[in-house]
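Reading through the structure tokens given below for one structure.
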Amino acid sequence: MLALSLVGCYEYRGPYTKTDVEEYLTGRYPDETINVRQRGLQIWECWFDELPDAVFQVWVGQGGGDPLPMLYSQLVSDEAEVLPAYYLKQYQKEEGSLDAWELSGEILYTQYASMADAAQALEQLSAFFAWIEGKPLAQLVPKGQYNFRPELPWRTYSPQFHNFEESVIHGPQDKPEAVQEALENSVKKYYAFYCLPCGEFHQTELEEYAAKTWLWAPKPKVRQGEEILSPELFAGIGLESGVISYGGLYTLLTRLGFDVEGTAEHFTFTGADGYSYEFSYRFWEEKEMEWANNQTITLSVWHHLRDSYPVEVEGETSWFRRGPVVDLDAGWLIDNHNGYFHFYMPFREITGLSVSWD
């Protein structure tokens with residue numbers, strides 16, 4: 001028993017019969033007529049009466065036990081992959097194109113960096129969903145996932161993705177107008193957060209979106225000395241995962257009355273601590289970092305200048321550490337270039353403000 005508890009065990013529930021396969025499929029699709037034909041040792045070819053050309057397989061796979069580390073045999077099938085591929089092929093053969101999409105597993109993927117990029121993918125998928133409506137087993141058709149990936153990084157949890165990634169899901173039941181609105185909001189959010197000009201939306205639209213999205217109330221509380229500043233001072237400045245962008249810092253400094261030279265994309269000023277600063281979205285370089293399983297990954301890392309010396313967060317893979325952003329209440333040791341190191345809290349030292357989340 002001790003040995004089994006350490007290495008686990010395997011229980012084979014079989015051999016399985018054609019009747020077992022029919023019961024398995026009927027349980028999954030009680031309203032469908034399914035044909036079953038054995039094609040090998042514990043392998044069966046199957047098809048739905050209404051889709052005789054979409055042949056899928058059933059075979060013996062493994063299941064896992066919980067909490068005991070026991071494995072056992074069970075019937076598994078691949079109709080969830082075969083039928084979508086069949087319908088996608090038929091549609092492209094008979095009706096239209098889906099060249100803006102790629103099928104991966106059980107979902108369709110596309111990438112876009114602007115609404116102009118997304119327009120074709122949205123039109124294609126909407127037409128496909130209209131064509132598939134009412135066809136047998138249409139519920140197995142995959143949804144579409146639009147991945148928004150422009151230039152600057154944001155919201156990525158895996159370092160293999162170097163850029164901004166925000167996803168919009170589009171299913172057969174979703175109205176194209178609602179999907180388009182979600183896609184537009186992703187674009188607006190990116191440009192409003194980074195304070196970048198956008199050729200597809202007027203600056204007024206971006207400002208209205210930002211004002212509705214980032215209210216700074218009831219948290220965080222920002223203090224100047226003992227005084228809690230009004231959230232209205234910060235309204236519309238993008239706040240994500242406790243950070244603001246370089247452009248957001250530019251906006252705040254101008255509201256606070258700092259003498260700032262330049263634009264939200266590249267600017268200089270003297271901070272509340274008396275040091276000179278320079279921020280730019282162009283201040284970055286590729287760096288290698290250690291990753292899981294002894295892997296090395298290459299990521300873009302941004303920095304800013306403090307009295308002409310570059311300051312960056314070393315060895316961080318998260319976008320809200322290594323990206324063109326400023327953390328409201330984080331800090332790290334930096335070299336003062338005078339033989340001393342200093343615990344540097346950029347937001348507090350630059351603005352003279354402190355932040356709490358209570």
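Note that this is a predicted model, so its numbers are computed, not measured.
Without hydrogens or angle criteria, Trp302 side chain to Val325 main chain gives no donor-acceptor distance under 3.5 Å. A donor-acceptor contact shorter than 3.5 Å is absent between the side chain of Ser77 and the backbone of Glu79. Under a 3.5 Å cut-off, the side chain of Asp78 and the backbone N or O of Glu81 do not form any donor-acceptor pair. Judged purely by atom type and a 3.5 angstrom limit, Asn185 has no side-chain atom pairing as donor or acceptor with the backbone of Ala182. Proximity of a side-chain donor or acceptor of Asn336 to a complementary backbone N or O of Asn338 within less than 3.5 Å is not detected. For Arg37 (side chain) and Glu45 (main-chain N/O), no donor-acceptor pair under 3.5 Å exists by modelled atom type. Remark: the backbone N or O of Gly40 is paired with a side-chain donor or acceptor of Gln38 at under 3.5 angstrom.
No cation-pi contact links Arg306 to Tyr277, judged by a cut-off of 6.0 Å to the six-membered ring centre and 45° from its axis.
Under 4.0 Å is where a charged nitrogen must lie from a carboxylate oxygen, and between Lys189 and Glu240 at least one such pair does. Salt bridge annotation for Glu312-Arg322: absent, with no cationic side-chain nitrogen under 4.0 angstrom from a carboxylate oxygen.
More than 12 non-hydrogen atoms from other residues, nucleotides or ligands lie less than 6.0 angstrom from CD of Gln203. Heavy atoms from other residues, nucleotides or ligands lying under 6.0 Å from CD of Glu207 number more than 12. No more than 12 heavy-atom neighbours from other residues, nucleotides or ligands sit within 6.0 angstrom of OH on Tyr340. Within 6.0 Å of atom CD in Glu133, 12 or fewer heavy atoms from other residues, nucleotides or ligands are found, so the atom counts as exposed in its surroundings. Around atom NZ of Lys212, no more than 12 heavy atoms belonging to other residues, nucleotides or ligands sit under 6.0 Å away.
Atom NE2 of His202 and atom CD of Glu208 lie 10.0 Å apart (nearest 0.5 Å). A distance of 13.0 Å separates CE in Met345 from CG in Asp273, rounded to the nearest 0.5 Å. Between Glu106 atom CD and Leu83 atom CG the span is 11.5 Å, to the nearest 0.5 Å. To the nearest 0.5 Å, atom CD of residue Gln111 and atom OG of residue Ser167 are 10.0 Å apart. Separating the OG1 atom in Thr254 from the CZ atom in Phe267 is a distance of 9.5 Å, to the nearest 0.5 Å. One distance of note links CG of Leu249 with NE2 of His304; it measures 9.0 Å at 0.5 Å rounding.
Ring to ring, Tyr250 and Phe279 are not that close: their centroids are 6.0 angstrom or more apart. Between Trp47 and Phe56, the gap from one ring centroid to the other reaches at least 6.0 Å. With ring centers used as reference points, Trp101 lies under 6.0 Å from Tyr146. Between His266 and Tyr246, the ring centre distance reaches or exceeds 6.0 Å. Proximity of the aromatic rings of Tyr91 and Trp131 is defined here by a centroid distance below 6.0 angstrom, and this criterion is met.
Two residues are said to be in side-chain contact when any heavy atoms from C-beta on lie closer than 4.5 Å; Met289 and Val301 meet this criterion. Two residues are said to be in side-chain contact when any heavy atoms from C-beta on lie closer than 4.5 Å; Thr296 and Glu290 meet this criterion. The shortest distance between side-chain heavy atoms of Phe201 and Met115 falls below 4.5 Å. Annotation: side chain of Tyr344 is in contact with side chain of Val311 (closest heavy-atom distance under 4.5 Å). No side-chain heavy atom of Glu102 sits less than 4.5 Å from a side-chain heavy atom of Thr110. Within the 4.5 Å cutoff, side-chain heavy atoms of Leu88 are placed close to those of Leu98. Between Ser241 and Trp319, the closest side-chain pair of non-hydrogen atoms falls below 4.5 Å. Side-chain atoms of Asn147 and Tyr109, non-hydrogen and from C-beta on, do get closer than 4.5 Å to each other.
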Where do Leu140 and Tyr87 land on the side chain to side chain contact (heavy atoms under 4.5 Å, CB included) test, with the steps shown first? CA-CA 10 Å; Leu140 294 180; Tyr87 271 133; over 6 Å; no
Between Val76 and Val58, does the side chain to side chain contact (heavy atoms under 4.5 Å, CB included) criterion hold? Intermediate values first, please. CA-CA 6 Å; Val76 293; Val58 175; over 6 Å; no
Quick one, Tyr209 with Tyr191, criterion ring pair (Phe, Tyr, Trp, His ring centres under 6.0 Å). Give me CA distance, side-chain angles, the key distance, then yes/no. CA-CA 10 Å; Tyr209 176 86; Tyr191 283 95; over 10 Å; no
Using the rule given for side chain to side chain contact (heavy atoms under 4.5 Å, CB included), can you reason through Lys18 versus Glu23, listing the C-alpha separation, both sets of side-chain angles and the distance that settles it, and then say yes or no? CA-CA 9 Å; Lys18 179 180 177 182; Glu23 290 178 355; over 6 Å; no
Is there a side chain to side chain contact (heavy atoms under 4.5 Å, CB included) between Leu328 and Leu239? Walk through the geometry before answering. CA-CA 9 Å; Leu328 296 188; Leu239 178 60; 3.7 Å; yes
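Using a 3.5 Å distance cut-off with no hydrogens or angles, the side chains of Thr268 and Glu278 do not pair a donor with an acceptor. Side chains of Trp357 and Asp329: a donor on one and an acceptor on the other come within 3.5 Å.
For Val222 against Phe234, the heavy-atom pair with the smallest separation is CG1-CZ, 3.5 Å. The two residues Val168 and Ser186 have their closest heavy-atom pair at CG2-OG, 3.9 Å.
For Trp44, there are no ring-ring contact (aromatic ring centres under 6.0 Å, His included) partners at least two apart in sequence or on another chain. Remark: His337 engages Tyr309 in a ring-ring contact (aromatic ring centres under 6.0 Å, His included) (not counting sequence neighbours).
Each side chain to side chain donor-acceptor pair (under 3.5 Å) pair with one or both residues in residues 115-130, not counting sequence neighbours, appears once here: Asp99-Gln124, Ser114-Asp117.
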